[in-house]
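Data block below; observations after.
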Protein chains: 2
Amino acid sequence: MARLTPGELEVMQVLWKESPLKPAEIEARLPRPIGNAALRSVLRVLLNKGHVKRAKQGKAYFYRPTQPAHSSFRQMAQKLADVFFGGSSLDLIAGLIKSEKLSDEDIRKLQDIVRTRNDPAEAHPPGEKS
Amino acid sequence: MARLTPGELEVMQVLWKESPLKPAEIEARLPRPIGNAALRSVLRVLLNKGHVKRAKQGKAYFYRPTQPAHSSFRQMAQKLADVFFGGSSLDLIAGLIKSEKLSDEDIRKLQDIVRTRNDPAEAHPPGEKS
DNA sequence: AAAAAAGTGTGGAAAAATCCACACTTCGTC
DNA sequence: GACGAAGTGTGGATTTTTCCACACTTTTTT
């Protein structure tokens with residue numbers, strides 16, 4: 001499944017948040033102005049590339065992603081790891097922790113996430129805020 | 001400074017690892033075949049966009065990035081956070097920790113990284129393996 | 001100094017991405 | 001059934017990306 005161009009990604013971002021949607025609805029949710037016809041051209045390409053599918057309901061087609069956001073996320077994260085960290089996901093995560101601005105609260109949350117990484121069922125202490 | 005296309009990114013990836021390099025050297029380090037003239041066209045664009053600069057030495061131009069890898073990395077990471085996590089770097093990191101395959105050893109390393117996040121001078125216990 | 005080797009400059013072809021105009025179709029409603 | 005509103009299909013125009021051919025320049029070698 002071919003790579004997403006910037007314009008295609010904008011549309012997928014909308015559909016991953018909410019779908020199915022018809023063209024006019026997608027257009028209304030895009031953060032920048034684009035014509036209805038231009039948007040439908042992007043959708044046509046996304047359809048050809050297999051990134052979305054559509055179903056007619058009434059007189060309009062409703063579009064939805066064929067793959068969940070998660071799947072594209074992993075693919076793009078892998079690309080980032082490839083380019084900047086020789087493909088190592090661990091180094092990517094480490095690089096982010098070191099370079100992104102994180103509050104003390106964020107650090108605490110991260111510690112918790114890492115700690116429970118291999119035991120998702122781990123219960124949080126009762127009475128905790130988050 | 002304009003966005004990097006996929007082809008441009010391939011070249012930048014080489015230059016971030018090692019620079020300055022002349023076109024033939026870059027070409028030799030690219031993972032896929034590309035003609036010398038094609039590569040130089042990409043370099044021309046990168047030059048116009050301001051992503052690389054060059055200096056003549058002997059009869060060849062040597063190219064180097066104008067910005068360190070780190071700066072592009074942060075930009076691309078931010079984009080990823082925008083698309084999939086509403087712009088939250090913390091959620092991006094959390095998402096990676098949850099979705100990437102990490103060994104127990106990796107988890108230990110991560111714990112260490114997070115723990116020393118706000119105190120990079122923190123000394124590791126002597127005699128430690130890593 | 002001539003030839004060969006190594007590089008460069010540049011115009012533009014080919015394909016992909018982005019955008020739009022315009023004709024046609026479908027649905028509701030008077 | 002005729003009309004208007006909402007939607008679709010589609011053929012490009014335009015720009016960007018990717019790639020290459022070819023002529024020219026610079027350096028090295030004989």
Side-chain angles (χ1 to χ4, degrees), chain A residues 1-15 18-66 72 75-76 79 82-83, chain B residues 1-15 18-66 72 75-76 79 82-83:
Chain A
M1 203 151 56
R3 179 194 142 268
L4 290 168
T5 67
E8 289 162 12
L9 189 57
E10 288 180 296
V11 172
M12 292 307 296
Q13 190 173 351
V14 169
L15 289 175
E18 181 186 1
S19 77
L21 293 175
K22 56 181 163 177
E25 294 168 339
I26 297 172
E27 197 184 350
R29 285 161 177 75
L30 283 172
R32 69 180 176 93
I34 188 183
N36 174 279
L39 167 63
R40 285 185 297 117
S41 281
V42 175
L43 285 172
R44 196 195 316 165
V45 174
L46 285 172
L47 214 44
N48 290 337
K49 288 188 178 176
H51 288 288
V52 303
K53 58 190 170 188
R54 66 182 195 177
K56 200 159 202 167
Q57 191 141 15
K59 60 185 160 187
Y61 281 106
F62 286 75
Y63 294 78
R64 74 171 75 236
T66 52
S72 283
Q75 191 176 321
M76 292 173 70
K79 180 73 189 168
D82 287 344
V83 171
Chain B
M1 203 150 56
R3 176 194 143 266
L4 291 168
T5 67
E8 289 162 10
L9 188 57
E10 290 180 295
V11 173
M12 292 307 298
Q13 188 173 353
V14 168
L15 288 176
E18 181 186 1
S19 78
L21 293 175
K22 56 182 164 177
E25 294 169 338
I26 297 171
E27 196 184 350
R29 285 161 177 75
L30 283 171
R32 71 181 176 92
I34 187 184
N36 173 278
L39 167 61
R40 285 185 298 118
S41 281
V42 175
L43 285 171
R44 196 196 317 168
V45 173
L46 285 172
L47 216 45
N48 289 338
K49 288 189 179 176
H51 288 288
V52 303
K53 57 191 170 187
R54 66 182 194 177
K56 200 159 201 168
Q57 192 143 13
K59 60 186 161 186
Y61 280 107
F62 285 74
Y63 293 79
R64 73 171 75 236
T66 53
S72 285
Q75 192 176 320
M76 291 173 71
K79 180 74 189 169
D82 288 345
V83 171

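In what follows, chains are A, B, ... by sequence order, proteins preceding strands, each numbered from 1.
Contacts of A:Gln13 classified as side chain to side chain donor-acceptor pair (under 3.5 Å), with partners at least two apart in sequence or in another chain: none. Remark: A:Glu18 engages A:Arg29 in a side chain to side chain donor-acceptor pair (under 3.5 Å) (not counting sequence neighbours). Applying the salt bridge (Lys or Arg N to Asp or Glu O under 4.0 Å) criterion to B:Arg64, with sequence neighbours excluded, gives no partner residue.
For the segment residues 33-40 of chain B, residues with any heavy atom less than 4.0 angstrom from an atom of DNA chain D are, sorted by number, B:Ile34, B:Gly35, B:Ala37, B:Ala38. A heavy atom lying under 4.0 Å from DNA chain D marks none of the residues of residues 1-13 of chain A. Residues of residues 20-30 of chain A that place a heavy atom closer than 4.0 Å to DNA chain C do not occur.
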Can I get a per-line list of side-chain donor-acceptor pairs under 3.5 Å for residues 20-28 of chain B, giving both atom names and the distance, sequence neighbours left out?
{"residue": "B:Glu25", "atom": "OE1", "partner": "B:Lys22", "partner atom": "N", "Å": "2.9"}
{"residue": "B:Glu27", "atom": "OE2", "partner": "B:Asn36", "partner atom": "N", "Å": "3.4"}

Which pairs would a plain distance check flag for residues 41-57 of chain B, meaning a side-chain donor or acceptor within less than 3.5 Å of a matching protein atom at least two apart in sequence or in another chain?
{"residue": "B:Ser41", "atom": "OG", "partner": "B:Ala37", "partner atom": "O", "Å": "3.4"}
{"residue": "B:Ser41", "atom": "OG", "partner": "B:Arg44", "partner atom": "NH2", "Å": "3.2"}
{"residue": "B:Asn48", "atom": "ND2", "partner": "B:Arg44", "partner atom": "O", "Å": "3.4"}
{"residue": "B:Lys49", "atom": "NZ", "partner": "B:Arg3", "partner atom": "O", "Å": "3.1"}
{"residue": "B:Lys49", "atom": "NZ", "partner": "B:Glu8", "partner atom": "OE1", "Å": "3.0"}
{"residue": "B:Lys49", "atom": "NZ", "partner": "B:Glu8", "partner atom": "OE2", "Å": "3.0"}
{"residue": "B:His51", "atom": "NE2", "partner": "B:Ala2", "partner atom": "O", "Å": "2.6"}
{"residue": "B:Arg54", "atom": "NH1", "partner": "B:Tyr63", "partner atom": "OH", "Å": "3.0"}

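Residues A:Met76 and A:Leu9 have side chains in contact (heavy-atom distance under 4.5 Å, counting atoms from C-beta outward).
For A:Arg44 and D:dG11, a side-chain-to-base donor-acceptor distance below 3.5 Å is present, hydrogens and geometry of angles not being considered.
Note that the first and last nucleotides of DNA chain C, 5' to 3', having any atom under 4.0 angstrom from a heavy atom of chain A are C:dA17 to C:dC27.
Residue pairs meeting the salt bridge (Lys or Arg N to Asp or Glu O under 4.0 Å) criterion with at least one partner in residues 31-41 of chain B, sequence neighbours excluded, are B:Glu10-B:Arg32.
Between the P atom of D:dT16 and the CG atom of B:Asn48 lies a distance of 12 Å, rounded to the nearest Å.
Comparing B:Arg54 and A:Lys56 by the nucleotide of DNA chain C that holds the closest heavy atom to each, the one mapping nearer the 5' end is B:Arg54.
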What does the list of N/O pairs under 3.5 Å between the protein and nucleotides 28-30 of chain D look like, with a distance for each?
none

